[in-house]
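A note on names: the letters A, B, ... follow the listed sequences, proteins ahead of strands, and every chain is numbered from 1. Keep in mind it's a predicted model, so treat the numbers as computed, not measured. Hydrogens, waters and symmetry mates play no part in the numbers below; they use all other heavy atoms, side chains included.
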Amino acid sequence: MSVMTAFVRAALTLVGLTVGVYLIEVLEGLLTLGQRNWRAVLRLPLARAGQLLRQPDRPPAHADTFLYQSAPFIAVITVGLAALVIPLGPGLIGFDSSVGLFYFIVLLSPFVIAQMNAGWSQNGVVGVLGTFRAAAHLISYEVPLGFAAIGAPMAAASLATGKIVAAQAHLWYVVWQPLGVVIYLVAALFPAFRHPFDGAYAGSELEGGVLAAYGGARLLLLRWALDGIFLLLMALGVVLFFGGWQGPLLPPPVWFAFKTLALAAVVLALSRRVPRLRHDQMLSLAWKILVPASLVNIAIVGVLALFVFGGGA
Amino acid sequence: MSGIIEWLIFGMLALIAVITAAGMLVTMSMYRAGLALMASFVALAGIFILLDADLLAMIQIMMNVGGMLIMILVMVMLMMDPGGQMMWDMKRSMHIRGLGAFSMTMPRGHHEATTDAPMPMDDHMHMPHGEQEATEEGADTPGMQHGGMDLRDGQQAKGAMKMSGMNAQQHYQMLVSMAMTTAQLPWALVVGAATAVALILLVVVTPWHLAGTAPSGDAAAIVGNLLLGRYMVGFEGAAFLIVAGIAGAVLLARREGSPPSYAQSLQAPTPAAQIAQPTAAKPMYTCPMHSEVQQDHPGKCPICGMDLVPQPPQRMGDMGGEQ
């Protein structure tokens with residue numbers, strides 16, 4: 001792969017992610033403002049972005065300037081790197097690693113670390129509280145998310161995301177791994193800091209928490225990364241359980257985009273109905289319910305994959 | 001062409017790994033130190049990727065980012081000054097030179113030869129500048145217990161001495177205890193550099209057996225087959241040990257198994273308290289609102305009608321005051 005191709009791929013990834021982020025914002029706007037206001041909803045993300053771009057961005061007094069300034073970029077770079085292993089179609093993948101799924105899940109931790117840096121570097125109370133809560137998120141999501149996601153590679157006998165999709169040609173894994181899907185989708189909201197688990201931001205309580213002192217373009221980057229990681233987690237959910245790009249008639253990338261947005265819409269709509277969970281409740285949920293449930297899921301999937309669905313390799 | 005790029009990437013990653021490792025040593029902020037260590041390990045993971053060992057690289061990132069995170073959390077919770085702001089301010093106000101937390105030069109005063117006792121504050125405060133300068137020159141005698149420190153910077157010490165009112169030895173001890181300076185640092189640097197040179201020489205000189213085959217594509221599959229095939233016993237044994245460790249940790253962390261907490265120790269009467277107050281074993285009942293109401297059986301308060309609650313036994317500290 002020449003250097004030019006790498007640059008083109010990186011640029012395409014960022015453009016695609018930006019479009020996806022815009023669509024996520026639109027989805028959220030539709031759920032918040034209602035479908036009647038769709039014109040406003042379509043304009044709102046762009047207006048917000050334009051407003052943030054015109055805003056000055058000054059670090060607060062006594063901030064850890066290096067961490068403060070670098071945190072949004074770490075978050076964005078992590079999201080961009082994680083996007084590389086999502087297959088949009090057969091062969092349409094940024095980086096076809098043999099350990100693609102593992103690569104994605106590993107890259108989630110630097111993303112959360114970037115959020116922690118953003119909160120810590122502000123030298124403010126709400127930011128540091130946000131940092132601690134983000135750390136609680138990192139401790140919560142890693143095990144259940146990994147254990148839930150592992151059902152798919154167990155059945156497909158590969159960690160490569162493209163092969164996992166190809167193995168679902170006949171039957172999507174959601175059909176016989178429903179428990180894994182539920183655990184995955186709940187745990188995916190932790191590192192994405194989405195609504196019931198957004199304690200690190202907690203608009204009404206922490207005044208933005210991690211994002212409190214940010215403004216201007218850096219805030220835009222952090223918001224972009226937050227929406228981007230949510231989009232990617234939904235896309236990975238489609239890859240793992242909903243057959244990825246596969247579907248009749250339409251070209252594969254269209255199917256993939258449609259499935260991802262549909263899954264995101266369902267998750268966003270359902271998660272709005274739950275009140276925000278405190279960080280200790282979140283930790284209890286993760287360790288006392290999701291982890292044992294995901295172990296049960298692994299056992300069920302193992303038996304099914306071995307005896308019912310013929311096993312992998 | 002691609003060979004040059006590989007060398008460039010390798011050099012960049014190696015530089016990042018070394019610089020961040022050094023940054024971990026010299027920074028004053030615990031948080032930054034943990035992050036620097038994390039960055040160093042991530043740069044090493046990049047080198048693994050360069051060697052086509054992507055599985056190893058991912059494991060490296062996952063284990064170290066998580067591990068360092070826990071380390072940072074523990075340090076932030078336990079340390080007095082995890083961000084390093086206080087130490088940094090102190091260092092600046094004392095005019096101690098050097099990188100970050102570890103200053104190469106020990107601040108040096110002018111009374112270390114004469115006495116170990118702390119000097120009165122007024123002496124320092126009111127000493128004319130020139131006189132201090134002169135005394136300092138005179139006191140700079142060899143044979144002090146400085147263990148090979150560099151004693152160049154007399155100027156910087158004066159600000160500190162004026163502020164603190166300690167003699168040099170005490171001042172040094174204070175700085176060491178705050179990890180702002182250490183006499184052993186130059187030696188540590190020399191030993192570290194020598195070790196690094198020796199290791200590099202060892203790597204260069206050793207006649208390595210090169211496999212000559214290209215690395216295989218799907219490392220995860222091979223490792224998985226090996227773990228559940230040839231190394232099954234060791235793998236399962238390790239898993240069993242880890243489960244035993246987790247169970248043991250849970251057992252230790254349980255309230256029943258652990259030594260009584262501070263709150264419990266206040267509640268439960270100690271043997272000493274029982275000897276001193278034989279009646280302490282028998283609970284007294286009192287009204288939450290009217291402490292003068294006391295009786296030895298539960299009931300209602302005659303004043304307000306509330307349920308009486310057991311009165312906590314008297315604390316050791318209170319009794320000590322009475323005796």
Inter-residue atom distance A:Asn117.CG - B:Arg32.CZ, 0.5 Å rounding: 10.0 Å
Under 4.5 Å from a heavy atom of chain A, the part of B:Leu55 involved: both
At what distance, to the nearest 0.5 angstrom, does CZ of A:Arg58 lie from CZ of A:Arg218? 12.5 Å
Test side-chain contact (heavy atoms from CB on, under 4.5 Å) applied to A:Met282 and A:Arg133, step by step: CA-CA 10 Å; A:Met282 184 188 70; A:Arg133 293 186 183 181; over 6 Å; no
Between A:Thr131 and chain B, which part of the residue has a heavy atom less than 4.5 Å away: side chain, backbone, both or neither? side chain
If we define contacts as heavy-atom pairs under 4.5 Å, which of A:Ile105, A:Val99, A:Leu138 has the most with chain B? A:Val99
Side-chain contact test, heavy atoms from C-beta onward, threshold under 4.5 Å: evaluate it for A:Leu233 versus A:Phe104 and give yes or no. yes
Rounded at 0.5 Å granularity, tell me how far CG in A:Leu221 sits from CD1 in A:Ile77. 10.0 Å
Among A:Phe132, A:Tyr103, A:Phe66, which has the most heavy-atom pairs under 4.5 Å with chain B? A:Tyr103
Whether A:Trp120 side chain and A:Gln115 backbone form a donor-acceptor pair below 3.5 Å: no
Honestly, the part of A:Leu108 sitting under 4.5 Å from a heavy atom of chain B is neither
Main chain of A:Val239, side chain of A:Gln168: is a donor-acceptor contact present, judged purely on distance under 3.5 Å? yes
I need the contact set between residues 34-48 of chain B and chain A: heavy-atom distance under 4.5 Å, sorted by residue number. B:Leu35, B:Met38
Do A:Tyr68 and A:Pro60 come close enough that some side-chain heavy atom pair is under 4.5 Å? yes
With under 30° as parallel and over 60° as perpendicular, where do the rings of A:Phe197 and A:Phe190 fit, or are they tilted in between? perpendicular
Can you tell which part of B:Ile70 gets under 4.5 Å to a heavy atom of chain A, answering side chain, backbone, both or neither? side chain
